[in-house]
Each structure stands twice: as C-alpha cells, then as structure tokens.
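Just so it is clear: chains get the letters A, B, ... in the order the sequence lines come, proteins before strands, and each one is counted from 1.
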Protein chains: 2
Amino acid sequence: MARRSDHTREQIFDMAMAAAERIVETEGYRALTARSVAHAIGYSPGTLYNLFANLDEIVLHLNGRTLDRLYDRLVVAPYVGRPEADLLRLLDDYLAFLEDHPHLWQVLFDYKWPKDRPRPLWYDQKVARVLGLIERSLTPLFPRQDEHRLADVARILWAALHGICSLADMGRLDVVSARPARDMAGDLVRLLLAGLVAEPAAVPR
Amino acid sequence: MARRSDHTREQIFDMAMAAAERIVETEGYRALTARSVAHAIGYSPGTLYNLFANLDEIVLHLNGRTLDRLYDRLVVAPYVGRPEADLLRLLDDYLAFLEDHPHLWQVLFDYKWPKDRPRPLWYDQKVARVLGLIERSLTPLFPRQDEHRLADVARILWAALHGICSLADMGRLDVVSARPARDMAGDLVRLLLAGLVAEPAAVPR
DNA sequence: AACTATAATTGAACATCGTTCAAAAAAGCC
DNA sequence: GGCTTTTTTGAACGATGTTCAATTATAGTT
C-alpha cells in the first residue's frame, strides 16, 4: 500500500516497544514475534523492519527499557551507608521487581545477543548504572584508591546473585530439598560480606 | 516406506544422541533440529518421534550425557580434604570442561525445560551427583549434624559460580573493564570460604 | 492545480522450524 | 503364501524471521 501519516517514525517505534512489553508481560517471551507486534500496533510485519534491523533489536530495546525500570525501582531506596543493610535492601527490591515482572526479567537475562556484533554503548551504560548501585553500597568497605577492586567485587556479587535467581527461575535449585531463592541470595550476600571483612586480601588484583 | 532391520530401537536411540552431541559441539545449539539429527543418522524426521516425544526430550537426554561427562571429569581429581584446595581444583576442572565443550555447556544451562512438566528423577540425580562433589569439598567446614546447611552452602556456591560463567559466556561481565571469569570465580570461592570461616552463623537455617 | 519524485507501507513469497499422520512396506507368524 | 503387526516414511500443516517488488500517500516543483 502506501505511506500513512497516522504516526511519525518515533510514534511507531514507541508503539512497537509498548506492544512488545505488553506481549512479553502477559503472554511470555515465546509470544513475542514480528507478526504479533505488528498486529498489535496495526501495521504489517514489514513496517517493523523499517525501524528495527531485526527482532533482536526489538528485544534489545525492550531490555533497555527493563533496565531503566529496574534502576528506577532500585534507586528510590535511601542509601544508609551500611553495606549489609544497603545490599540486603537492594536485594529485596530486586527480588520484588523480579516477582512483579517475571517475564521481562527472563528476557533480560535469557536473551542472547549475537556474539559477533557488539552491544551498543547505550545498553552497556544502562547495565553499568544498575551495577553502580551495588558499587555504591560496597564503597564503605574499600579504601578510596581501590576502585578497581570495588568494581570487581560488585560484579562478582551481581553475577553470583544472578546465578541464584536464574537457577531458581528455571526450577533447578530444588534438586533435593529446596530453600527459597530469597534466603539463599541473602545468605550469599552475608557470606560474601563476612569474607570481605575477614580477608581483605582475598581479592588481590 | 517401512520397517528396516538395520538397527534396533536402542541403536537408533544411541545414534541419535551421538549425532545430536556432534551437531551441537561442531555447529552449535541452533543447528540442532529434528531434521538435522534425522539426516545425520540416515532416518527420516518422523522416526525420531517414535523414540522421543519431542525435541525437548532429545535435549534432555543430551544434557544428561553432558552431566555424566562433566562428573567423570570432575571426579578424577583426588580429594585432599582441604576445602579451598579442593574447591579451586574443582573450579579449574569445571572451567576446563567448559572450554573444551562450550556448546554442550551452553545447552546444559540455557535450555529451558518446560515448567509445567516435572524433570525426570534420573536427571535430577545426575545433577545431584555433581553437586555432591562440591558438598564433599565443603564437608570439613561443617559439624557432622549440619548436613542441611552444608547442602545449602553447596547450592549457593554452585549457583553463584554458574552466574559468573553464564554472564561471562554471554559477554556480559565486561561492562566497563573486565577481568577473566576464571579470576572472578576464584575470588568468589575464596571470599565465600573466608566468610564461612569468619562467620559460621551467617547461614542460620 | 497538475505532475513528479520521494518515501513509507504492504503482503505475498522464501526458507526454515517442530510436529502429525495416513499410507507404505518390511518383518514376524501361522 | 497370506495375514497381522510394527516401523518408517515424507508430504502436509501451521508457525517462524526476513526480504522485496509493487503500491500508494505525501512533499516538492512547476
């Protein structure tokens, strides 16, 4: 057919993103198809390919929005300056987000960006912003000049927590009697902090 | 066409598994399709559905084999009874396995078994067997009657390590300057052990 | 106002996927 | 040899992501 002046490029982009989000949240990741998004916004599949190179890019932008939502949720908690309290608070909010938007979270971490193409900078920046909250909580434990070590520990903690949430989500933690992921994650935080305080040289660098 | 007496049911099963393994290892997970497996063993796609309910089941059995391979690799290392040494040794062998069979490892952890249907018992037992190696390494740190806590810590450690390997595999750990996953995982083990020793009550239960 | 050039939109088409199932044929049995 | 049983097939179905010639509304020009 032809050009329609119903919406601008940006409007269609936003509509597509909103539709993708709604589809994932309500019907799960598998329901997110080029055709389903196109149908939801009243355009044809081909139109999407004027705005996105492919479905991967739609998911990438969706995950970007999810990271923003997550950050917004995590940043409201007051920073009290006590690592254990701050981290457990972060953990609580993180798990709450995970419960509120399980499907969005799944796409965020399960979706594999093709290895050959590099992630765009703006995406890594959104990740770094969330990571920064963990770093801030850990700051009191490190001398000022140890930013590198601080960043490393933050990433270790982040990855470790992700592992617990990920395996719990897949139902793989309940091999033989299970404890809630919440408890395990809390234990992990406490253990790591205890380890940090007890043996500061455990992370040499 | 018709029945061929070329192979028994079991033989076809084994051939299919071997083919699936070869395909995943050489061409990656995406190349594992019903048609590719069928073609590799010289049968038609339909034949596979006499042996497996669906592709999920093929992947499940493939993962079972991978767990066996992993266990065989991890179990050969001598158990010396010093948790840090034993765990770091396990970690080393685990990472070596991961480097040798990256695609098999990806399928093992990325593949989502449908949530509605329960995993078969034999599969969980294979997982528990690997987990048992971590438990054994941790044993000296816990009094005899604390098996539950031992099991919990082992699962925490396992999940945390998985998180690091998983994010590293996806290239998501290198947000801002990166360290090798190997180093981060080693740090995690040391930190957790230090935390365990320093604060045994950190995991109340 | 008419005409042209530009750009957006379409939807059929292609190759692929998992899965099904009526038909076909080989093996076992009497 | 004929009959039954069981295995195997491959075409068929409904999906998927992606492409692209064709179509048509808009913008610009005369």
Side-chain angles (χ1 to χ4, degrees), chain A residues 1-17 19-20 23-24 26-63 103 106-107 110-117, chain B residues 1-17 19-20 23-24 26-63 103 106-107 110-117:
Chain A
M1 299 267 178
R3 166 147 73 181
R4 295 157 35 176
S5 60
D6 302 359
H7 308 97
T8 68
R9 243 182 119 79
E10 284 79 19
Q11 281 176 323
I12 299 183
F13 184 99
D14 291 340
M15 289 162 59
M17 292 311 306
I23 290 169
V24 168
T26 61
E27 306 171 53
Y29 166 50
R30 326 193 76 160
L32 183 72
T33 69
R35 284 174 175 85
S36 73
V37 174
H39 177 262
I41 65 174
Y43 281 79
S44 75
T47 298
L48 288 179
Y49 286 82
N50 289 337
L51 305 173
F52 306 93
N54 45 40
L55 251 196
D56 284 352
E57 246 184 31
I58 295 186
V59 177
L60 184 76
H61 281 95
L62 176 63
N63 285 344
H103 291 141
Q106 277 170 18
V107 179
D110 290 349
Y111 196 77
K112 295 213 152 192
W113 185 250
K115 270 188 176 172
D116 42 11
R117 241 165 308 182
Chain B
M1 297 267 174
R3 165 148 73 184
R4 294 156 37 175
S5 62
D6 301 359
H7 308 96
T8 70
R9 243 181 119 80
E10 285 78 21
Q11 279 176 323
I12 299 183
F13 184 98
D14 291 340
M15 289 162 59
M17 293 310 306
I23 290 170
V24 168
T26 60
E27 306 171 54
Y29 166 50
R30 324 192 78 160
L32 183 72
T33 69
R35 286 174 174 84
S36 73
V37 173
H39 177 262
I41 64 174
Y43 281 79
S44 75
T47 297
L48 288 178
Y49 285 82
N50 289 335
L51 304 174
F52 306 93
N54 46 41
L55 250 196
D56 284 353
E57 247 184 28
I58 294 186
V59 177
L60 184 76
H61 282 95
L62 176 62
N63 284 344
H103 290 141
Q106 277 171 17
V107 179
D110 290 348
Y111 196 78
K112 296 212 152 194
W113 185 248
K115 270 189 179 175
D116 42 11
R117 242 164 311 186

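- The OH-C1' distance, from A:Tyr49 to D:dT18, rounds to 5 Å in whole Å.
- In this structure, A:Arg35 atom CZ and D:dT19 atom P are separated by 13 Å, rounded to whole Å.
- Closest to the side chain of B:Ala34, from the set C:dT19, C:dG11, D:dT8, is C:dT19.
- Remark: B:Thr47 is in phosphate contact with D:dT9, judged by side-chain N or O atoms under 4.0 Å from OP1 or OP2.
- Atom CE of A:Met15 and atom P of C:dT9 are 10 Å apart (whole Å).
- Between B:Ala53 and B:Arg30, the residue anchored closer to the 5' end of DNA chain C is B:Arg30, taking for each the nucleotide with the nearest heavy atom.
- The interatomic distance linking B:Asn54 (CG) with C:dT19 (C1') rounds to 9 Å, in whole Å.
- With contacts defined as side-chain heavy-atom distances shorter than 4.5 Å, the pair A:Lys112/B:Gln106 qualifies.
- Here D:dT18 is the nucleotide among D:dT18, C:dC17, D:dT9 with the atom lying nearest to any side-chain atom of A:Pro45.
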inquiry  = As a quick check of understanding, evaluate side chain to side chain contact (heavy atoms under 4.5 Å, CB included) for B:Tyr29 and B:Asp110, giving each step before the final call.
reply    = CA-CA 10 Å; B:Tyr29 166 50; B:Asp110 290 348; over 6 Å; no
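- To the nearest angstrom, C1' of C:dC17 lies 12 Å from OH of B:Tyr29.
- Put simply, CG on B:Asp6 is 16 Å from P on C:dA25, counting in whole angstrom units.
- Between the CD atom of A:Glu10 and the C1' atom of C:dA8 there is a distance of 14 Å, given to the nearest Å.
- The side chain of B:Thr33 places an N or O atom within less than 4.0 Å of a non-bridging phosphate oxygen (OP1 or OP2) of C:dC17.
- Proximity of A:His7 to A:Phe13: side-chain heavy atoms (C-beta onward) are nowhere separated by under 4.5 Å.
- The interatomic distance linking A:Asn50 (CG) with C:dG11 (P) rounds to 14 Å, in whole Å.
- Taking 4.5 Å as the limit, every side-chain heavy atom of B:Asn63 sits out of range of all side-chain heavy atoms of B:Leu60.
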